[in-house]
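To start, the structure itself, in structure tokens.
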Amino acid sequence: MNGNEFDGHLQELRRGTIVLASLQLLREPGYGYGLLEQLAGAGFPTDANTLYPLLRRLEKQGFLESEWNTDEARPRKFYRTSDAGIRLAETLTREVAAIAAATDALTQTLTEGEN
């Protein structure tokens, strides 16, 4: 597998995890640039061109709430996970854990079969 194929698969896998990570991190209000930094620090490096449309989509779907902070010289839009977003994050967390467990079990089975 060449690097481009690997990168494409890795990007596809991470795309869904960015939704979950964003919902979890935004339980405390945050703005886009700060969220980019938090995601990168947590091991989910994300491009701004990916994150901002995602935030708008999650807000439109009711999983995020937002408000503008105009107290500073430059207004910033702050996001916070809504109650529906918290429920979604909890469901996604359980699903990710189940997928990880199934993947581990499959790997274990295959490894044992090789020995």
Side-chain angles (χ1 to χ4, degrees):
M1 179 178 299
N2 69 39
N4 288 341
E5 288 173 336
F6 176 79
D7 290 344
H9 286 289
L10 186 57
Q11 181 180 10
E12 205 172 306
L13 179 61
R14 287 183 177 253
R15 189 171 290 133
T17 59
I18 298 303
V19 170
L20 175 55
S22 296
L23 290 170
Q24 294 288 34
L25 289 169
L26 289 172
R27 287 179 183 228
E28 294 294 322
Y31 59 99
Y33 184 76
L35 182 59
L36 282 171
E37 291 178 333
Q38 286 181 296
L39 287 167
F44 299 96
T46 307
D47 185 78
N49 292 327
T50 299
L51 183 63
Y52 288 106
L54 171 71
L55 293 175
R56 287 190 296 273
R57 180 172 57 87
L58 290 172
E59 182 180 18
K60 184 177 180 182
Q61 293 171 334
F63 299 120
L64 291 178
E65 298 168 346
S66 70
E67 64 182 59
W68 285 95
N69 180 342
T70 57
D71 294 341
E72 299 175 21
R74 185 172 164 215
R76 294 194 292 187
K77 189 174 189 178
F78 279 76
Y79 294 91
R80 180 182 198 117
T81 306
S82 67
D83 290 343
I86 290 171
R87 288 190 301 275
L88 176 61
E90 290 168 350
T91 300
L92 292 176
T93 298
R94 285 191 301 275
E95 290 298 316
V96 167
I99 291 168
T103 301
D104 287 345
L106 177 61
T107 302
Q108 182 78 23
T109 301
L110 292 172
T111 304
E112 290 170 359
E114 291 175 357
N115 294 327

Quick check for you: to the nearest 0.5 Å, what is the distance between Ile99 atom CD1 and Asp104 atom CG? 12.0 Å
If I compare all heavy atoms of Ala48 with all of Pro53, which pair ends up nearest, and what's the gap? O-CD, 4.0 Å
Between Thr81 and Leu64 (side chain of the first, backbone of the second, donor and acceptor by atom type, cut-off under 3.5 Å), is there such a pair? no
Glu90 atom CD, over 12 foreign heavy atoms within 6.0 Å: yes
Could you walk me through whether Arg56 and Lys60 pass side chain to side chain contact (heavy atoms under 4.5 Å, CB included), step by step? CA-CA 6 Å; Arg56 287 190 296 273; Lys60 184 177 180 182; over 6 Å; no
Residue Asp47 excluded, over 12 heavy atoms near CG under 6.0 Å: yes
Side chain to side chain contact (heavy atoms under 4.5 Å, CB included) between Tyr52 and Tyr33, intermediate numbers included: CA-CA 9 Å; Tyr52 288 106; Tyr33 184 76; 4.1 Å; yes
So, Ser66 side chain and Lys77 main chain: donor-acceptor pair closer than 3.5 Å or not? no
For Arg14 and Gly43, the nearest pair of non-hydrogen atoms, with its separation, is NH1-O, 2.8 Å
So, does Thr70 use its side chain to make a donor-acceptor pair with the main chain of Trp68 at under 3.5 Å? no
Should Leu55 and Leu35 be marked as a side chain to side chain contact (heavy atoms under 4.5 Å, CB included) after you check the CA-CA gap, both sets of side-chain angles, and the distance that decides it? CA-CA 10 Å; Leu55 293 175; Leu35 182 59; 3.8 Å; yes
Looking at Ala84 and Gly62, what are the two nearest heavy atoms and their distance? CB-O, 3.8 Å
Run Leu20 and Glu95 through side chain to side chain contact (heavy atoms under 4.5 Å, CB included) and show every step you take. CA-CA 11 Å; Leu20 175 55; Glu95 290 298 316; over 6 Å; no
Nearest 0.5 angstrom please: Leu88 CG to Gln61 CD, how far? 8.5 Å
How about Val19 and Arg57: do any of their side-chain heavy atoms sit closer than 4.5 Å? yes
I want to check something: taking the side chain as every heavy atom from C-beta on, are Asp83 and Arg87 in contact at a cut-off of under 4.5 Å? yes
Pro29 side chain reached by Glu67 side chain, heavy atoms, under 4.5 Å: no
Just verifying a value: how many Å separate Leu23 CG and Ser82 OG, rounded to the nearest 0.5 Å? 8.0 Å
Looking at every non-hydrogen atom in both residues, tell me the closest pair between Leu54 and Ser22 and how far apart they are. CD2-OG, 4.1 Å
In Å, rounded to the nearest 0.5 Å, how long is the span from CG of Leu51 to OG1 of Thr46? 6.5 Å
What about Tyr79 and Ile86, same hydrophobic cluster or not, with Ile/Leu/Val/Met/Phe/Trp/Tyr joined at side-chain heavy-atom distances under 4.5 Å? no
